[in-house]
Undergrad: 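Below is a structure I'd like to ask you about.
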Amino acid sequence: MKIRSPISNLPTHEVTNVPPPLGDQDLYGKDLPLQEGLRREGAGWAERNVIDFAMKAGTEETLEWANQANRYPPEMRAFDRNGMRINQVTFHPAYHNLMDLAIANDLPSFAWNNPRSGNHVAHGALSYLLNQIEGGVLCPMAMSYAVVPALKATPEIADVWIPRLLAQEYDLRDIPAEEKKSITMGMFMTEKQGGSDVRANSTKARPEGSKTGPGAPYILSGHKFFCSAPMSDAFLSLAYTENGLSCFLLPRWRPDNTRNGLYIQRLKDKVGNKSNASSEMELVEAWGLMLGEEGRGVRTIIEMVQGTRYYCAVGSAALMRQAVTQAIHHATHRSAFQKKLLQQPLMQNVLADLALESEAATTLFLRLGRAIGDAETDPAEAALARIGTAIGKYWICKRTPGHIYEAMECHGGPGYIEESILPRLYREAPVNSIWEGSGNVICLDVLRALYKDPGALPAFFAEIERARGGHKNLDLHITRLKAEIDERGNFEARARRITEMMALAWQAALLVQYAPSEVSDAFCVSRLGDYWSGAYGTLPDGVDFSAILTRAGASL
């Protein structure tokens with residue numbers, strides 16, 4: 001709620017030298033890297049959609065919904081008042097307002113409802129806008145988006161479930177999917193004993209009748225340690241049949257309109273992502289349909305995982321952008337030592353460095369969106385999407401917690417209190433790195449792509465070689481990267497180093513080609529130079545702070 005006319009003349013002092021409320025944010029109009037990237041990567045046709053949604057997502061009302069949804073987190077309601085099991089989760093009304101805003105504006109399904117070049121770029125842009133304000137509702141959005149390719153593994157399932165996912169009228173009711181105006185979908189793979197090692201799965205599936213294989217009904221029993229968005233209308237899950245680990249679609253309701261055997265055990269009390277319910281679940285004689293080939297469950301569900309990993313990269317880039325916005329606003333209006341913070345050289349260094357990181361992340365996720373969208377028709381783009389999703393997910397997400405903390409420090413004490421958005425952003429920052437494959441898992445996926453996917457390495461180097469000659473540091477870095485990859489010894493222990501080098505090479509190559517020289521030069525001399533600690537505010541002499549900050553939205 002917007003506070004009107006606060007009292008500034010207090011009994012003991014007058015309140016001065018404090019920034020005014022940021023108010024409604026122009027999330028698109030102030031974001032030049034987003035504007036340029038949207039057009040460059042083939043989604044200029046969707047600019048009106050993005051602008052319209054940016055105006056809705058950036059309002060103070062939407063921010064207040066986010067505050068309330070996180071201050072009053074979801075609660076488990078396992079039983080009704082008569083003691084009968086219902087396995088529900090209740091949410092604050094603000095959460096439903098945010099879900100309605102997202103679904104009414106096609107957030108989870110924009111790419112699938114607009115099958116044309118650039119659709120995944122625009123989809124990423126829409127998600128990036130809302131993620132700046134609230135990340136919790138983006139979990140069900142991510143899974144509902146990412147599940148579509150996996151569902152297509154079994155056409156008779158896809159034909160029934162995909163149209164329900166693509167509808168744009170939010171329906172919060174806990175009723176069978178066929179009675180709803182729209183649905184959302186989730187997934188659960190991990191178990192206590194296995195974690196990321198999903199083949200350590202102990203959940204079992206047996207045929208319900210004589211029919212087996214794709215599309216056939218099965219009965220599942222087992223335990224899942226993490227189930228995000230447990231109020232989704234259906235889930236993908238893994239379980240072992242006699243013929244191996246397979247993928248299944250589990251609806252909340254059985255075909256006879258009775259509740260399925262999905263027993264919520266508890267909700268997780270997480271560091272952040274408070275508005276989103278994450279649960280532990282028992283599958284007790286749960287009814288489901290086999291999705292994809294029997295024994296090829298990981299291959300089937302990985303189609304979904306690639307999409308959710310893309311969302312992780314987008315979400316982290318969004319957190320960075322909002323942190324930069326907040327830090328610049330504070331520094332613009334706060335004075336210390338007879339100068340505005342924004343005029344202090346060392347603060348300019350910090351803010352410019354934060355802006356560089358944000359622009360590099362935004363530029364990378366938009367390029368990745370184009371590769372994902374073009375993958376069906378272009379083998380090189382498909383190969384780049386496979387390895388690039390892992391690279392982008394690892395590096396953008398890994399850089400975010402430190403980035404948010406530095407933006408918080410720009411505010412000093414006021415950034416550390418809960419009325420500020422910064423604590424919520426900071427608590428949200430680690431989740432994208434941990435979910436959908438933590439750092440080691442992602443880097444091992446990069447190595448597998450490098451050494452087992454014949455198209456991955458050529459596609460990646462073709463991408464970064466386009467920028468050769470644009471900056472001497474980038475040229476040297478590409479040479480060092482090739483030598484690092486060619487050295488096969490002890491490659492698992494070097495997986496993070498290799499992935500980091502690839503990410504920096506890709507970001508630098510994109511900025512050299514498309515960003516102003518003030519931005520690309522600063523990125524290359526800092527990230528690819530002789531000295532880089534990874535800390536923010538250490539840009540070397542000669543960097544044009546003013547140009548970088550003006551591009552990031554500052555008024556110097």
Side-chain angles (χ1 to χ4, degrees), residues 102 107-112 120-121 123-128 130-131 135-153 161-162 165 183-190 195-196 198 224-230 232-238 247 249-250 268 270 272-273 276-279 291-292 297-319 364-365 368-369 371-373 375 385-398 400 428-439 441-442 445-446 449:
L107 196 69
S109 50
F110 186 87
W112 312 120
H120 290 269
V121 178
H123 189 118
L126 293 169
S127 302
Y128 167 84
L130 186 55
N131 239 309
V137 298
L138 269 298
C139 179
M141 297 301 99
M143 293 187 292
S144 297
Y145 156 76
V147 74
V148 170
L151 291 175
K152 291 180 179 179
W161 287 91
I162 290 179
L165 284 165
I183 66 166
T184 59
M185 294 186 73
M187 68 172 170
F188 31 86
M189 294 190 293
T190 60
S196 297
V198 295
K224 298 297 176 180
F225 198 44
F226 267 95
C227 168
S228 285
S232 298
D233 297 285
F235 310 87
L236 297 197
S237 188
L238 296 175
C247 184
L249 182 146
L250 304 173
K268 306 288 190 177
K270 298 166 293 184
N273 201 247
N276 176 44
S278 295
S279 68
L291 186 66
V298 174
R299 183 185 183 96
T300 300
I301 208 167
I302 204 70
E303 292 282 348
M304 184 176 184
V305 171
Q306 176 161 314
T308 53
R309 286 177 174 177
Y310 176 54
Y311 255 73
C312 288
V314 172
S316 290
L319 294 174
L364 179 54
F365 93 70
L368 181 56
I372 292 171
R386 287 193 296 272
I387 192 169
T389 300
I391 292 170
K393 195 271 190 193
Y394 173 80
W395 186 241
I396 296 173
C397 298
K398 190 64 68 178
T400 302
E428 192 75 18
V431 70
N432 290 320
S433 189
I434 295 170
W435 282 1
E436 312 304 350
S438 55
V441 172
I442 295 295
D445 282 351
V446 171

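Computed from heavy atoms alone, side chains included, the values below leave out hydrogens, waters and symmetry copies. Predicted model only: the values in this text are computed from it and were never measured.
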Undergrad: Minimum heavy-atom separation for C397 and C312, please, with both atom names.
TA: SG-O, 3.5 Å

Undergrad: For V121 and G369, work out which heavy atoms get closest and say how close.
TA: CG2-C, 3.6 Å

Undergrad: Side chains of L236 and M143: does their closest heavy-atom pair fall under 4.5 Å?
TA: no

Undergrad: Let me check something: any side-chain donor-acceptor pairs from residues 386-393 under 3.5 Å, sequence neighbours excluded? List them with distances.
TA:
residue : atom : partner : partner atom : Å
R386    : NE   : D453    : OD2          : 2.7
R386    : NH2  : D453    : OD1          : 3.3
R386    : NH2  : D453    : OD2          : 3.0
T389    : OG1  : A385    : O            : 2.7
K393    : NZ   : N432    : O            : 2.8
K393    : NZ   : S433    : O            : 3.0
K393    : NZ   : W435    : O            : 2.7
K393    : NZ   : G437    : O            : 2.6

Undergrad: Determine the minimum heavy-atom distance between N276 and G136, stating which atoms define it.
TA: CB-O, 3.4 Å

Undergrad: Name the residue from V441, I442, T190 that meets the side-chain contact (heavy atoms from CB on, under 4.5 Å) definition with S196.
TA: V441

Undergrad: Rounded to the nearest 0.5 Å, what's the gap from CG on L138 to CG on L107? Could you check?
TA: 6.0 Å

Undergrad: Return yes if some donor-acceptor pair links the side-chain N/O of K268 with the main-chain N/O of F225 below 3.5 Å, else return no.
TA: yes

Undergrad: Quick one: CZ on F110 to OG on S127, what's the gap to the nearest 0.5 Å?
TA: 10.5 Å

Undergrad: Give, for atom CD of E303 and atom SG of C247, the distance between the pair rounded to the nearest 0.5 Å.
TA: 10.5 Å

Undergrad: To the closest 0.5 Å, what do you measure between CD1 (I162) and OG (S109)?
TA: 11.5 Å

Undergrad: Might you point out which heavy atoms bring F235 and C227 nearest each other, and give the distance in Å?
TA: CE2-SG, 3.9 Å

Undergrad: Could you measure the distance from the OH atom of Y310 to the CZ atom of F365? Nearest 0.5 Å is fine.
TA: 6.0 Å

Undergrad: Heavy-atom distance under 4.5 Å between the side chains of L126 and M141, does that happen here?
TA: no

Undergrad: Are L151 and L249 packed together at the side-chain level, in the sense that at least one heavy-atom pair is separated by less than 4.5 angstrom?
TA: yes

Undergrad: Taking all atoms of both residues into account, what is the closest heavy-atom pair of T400 and A429, and its distance?
TA: CG2-CB, 3.9 Å

Undergrad: Say you draw a straight line from CG of N131 to CD of E428; how long is it, rounded to the nearest 0.5 Å?
TA: 7.0 Å

Undergrad: Please enumerate all residues that pass ring pair (Phe, Tyr, Trp, His ring centres under 6.0 Å) together with Y145, with sequence neighbours excluded.
TA: W112, H120, H123, Y311

Undergrad: If you take all heavy atoms of S278 and K270, which pair is closest and at what distance?
TA: OG-NZ, 3.1 Å

Undergrad: Taking the side chain as every heavy atom from C-beta outward, state whether I183 and W161 have any pair of such atoms under 4.5 Å apart.
TA: yes

Undergrad: Is there side-chain contact between M189 and V305, with at least one heavy-atom pair below 4.5 Å?
TA: yes

Undergrad: Which residues satisfy the side chain to side chain contact (heavy atoms under 4.5 Å, CB included) test with A146, sequence neighbours excluded?
TA: M304, T308

Undergrad: Would you say that L165 contacts M185 through its side chain, given a criterion of any heavy-atom pair below 4.5 Å between the two side chains?
TA: yes

